[in-house]
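Heads up, the thing below is written out as structure tokens.
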Amino acid sequence: EVQLQASGGGLVQTGESLSLSCAASGLSFDEYAIGWFRQAPGKEREGVSCIRSDDGNTYHVDSVKGRFTISSDDAKNTVYLQMNNLKPEDTAVYYCAATYVVTGFGGCPIFKYEYDAWGQGTLVTVSS
């Protein structure tokens, strides 16, 4: 059974940084993509970043490019989301998710329907 545990959220001010962690179990990173999603109050859950260890592919949505960086430590089965220069519009509950991938097929999944295993969320609040 795939299990994901997100952590690292908190309250920061505009311009500050946070690093989120997603500890995974029950899967091998070379067979799964890990994505970070966020859901702000009253809004749909949206994809933020994705990483595939099998081919080294990463993806960040335009709104976080240049500010967020996704990385993984395969030995620790942990994926990180380094978030710099945070803005109030980044305030949301952040979730990590996993989906099985086949090397050589597809890119880095970024839509929620592409994922079938989810962790609990961690709240990030950015004050202005």
Quick check: closest heavy atoms across [X] and [Y], and the distance to 0.1 Å?
| X | Y | answer |
| --- | --- | --- |
| Ser21 | Trp36 | O-CH2, 3.5 Å |
| Cys50 | Ala33 | SG-CB, 4.3 Å |
| Ile70 | His60 | N-NE2, 3.0 Å |
| Ala98 | Asp116 | O-OD1, 3.2 Å |

So which of [options] actually passes side-chain contact (heavy atoms from CB on, under 4.5 Å) with [X]?
| X | options | value |
| --- | --- | --- |
| Phe68 | Leu18, Asn84, Asn85, Leu81 | Leu81 |
| Leu20 | Thr122, Val48, Val79 | Thr122 |
| Arg38 | Val64, Val93, Thr91 | Val64 |

**Asked** Gln5 and Gln120: side-chain contact (heavy atoms from CB on, under 4.5 Å), yes or no, with the steps?
**Response** CA-CA 6 Å; Gln5 179 84 24; Gln120 92 298 348; 3.4 Å; yes

**Under-4.0 Å salt bridge between Asp55 and Arg52** = yes

**Prompt:** Thinking salt bridges, do Lys112 and Glu46 make one under a 4.0 Å N-O criterion?
**Reply:** no

**Message:** Taking atom NZ as the centre, does Lys65 end up with more than 12 heavy-atom neighbours from other residues, nucleotides or ligands that are less than 6.0 angstrom away?
**Reply:** yes

**Prompt:** Can any side-chain N or O of Glu31 pair as donor or acceptor with the backbone N or O of Ser28 at less than 3.5 Å?
**Reply:** no

How long is the span from the [atom1] atom in [X] to the [atom2] atom in [Y], to the nearest 0.5 Å?
| X | Y | atom1 | atom2 | value |
| --- | --- | --- | --- | --- |
| Cys96 | Tyr115 | SG | OH | 10.5 Å |
| Ser17 | Gln82 | OG | CD | 5.5 Å |
| Ser49 | Phe37 | OG | CZ | 10.0 Å |
| Phe29 | Asp54 | CZ | CG | 12.0 Å |
| Thr14 | Asp90 | OG1 | CG | 9.0 Å |
| Ile34 | Ser72 | CD1 | OG | 9.0 Å |

**Request:** Show the numbers, then the answer: is there a side-chain contact (heavy atoms from CB on, under 4.5 Å) between Tyr80 and Cys22?
**Result:** CA-CA 6 Å; Tyr80 304 95; Cys22 176; over 6 Å; no

What about [X] and [Y], same hydrophobic cluster or not, with Ile/Leu/Val/Met/Phe/Trp/Tyr joined at side-chain heavy-atom distances under 4.5 Å?
| X | Y | answer |
| --- | --- | --- |
| Val101 | Trp118 | no |
| Ile51 | Val2 | yes |
| Leu11 | Leu123 | no |

**Request:** Indicate whether the side chain of Thr78 and that of Asp73 have a donor and an acceptor atom separated by less than 3.5 Å.
**Result:** no

**Message:** Here's one to test your reading of the geometry: is the NZ or CZ of Arg45 within 45 degrees of the ring axis of Tyr95 and under 6.0 Å from its centre?
**Reply:** yes

**Request:** Start with the C-alpha distance between Ile110 and Val61, add both sets of side-chain angles, then the distance that settles side-chain contact (heavy atoms from CB on, under 4.5 Å), and finish with yes or no.
**Result:** CA-CA 8 Å; Ile110 199 62; Val61 295; 4.0 Å; yes

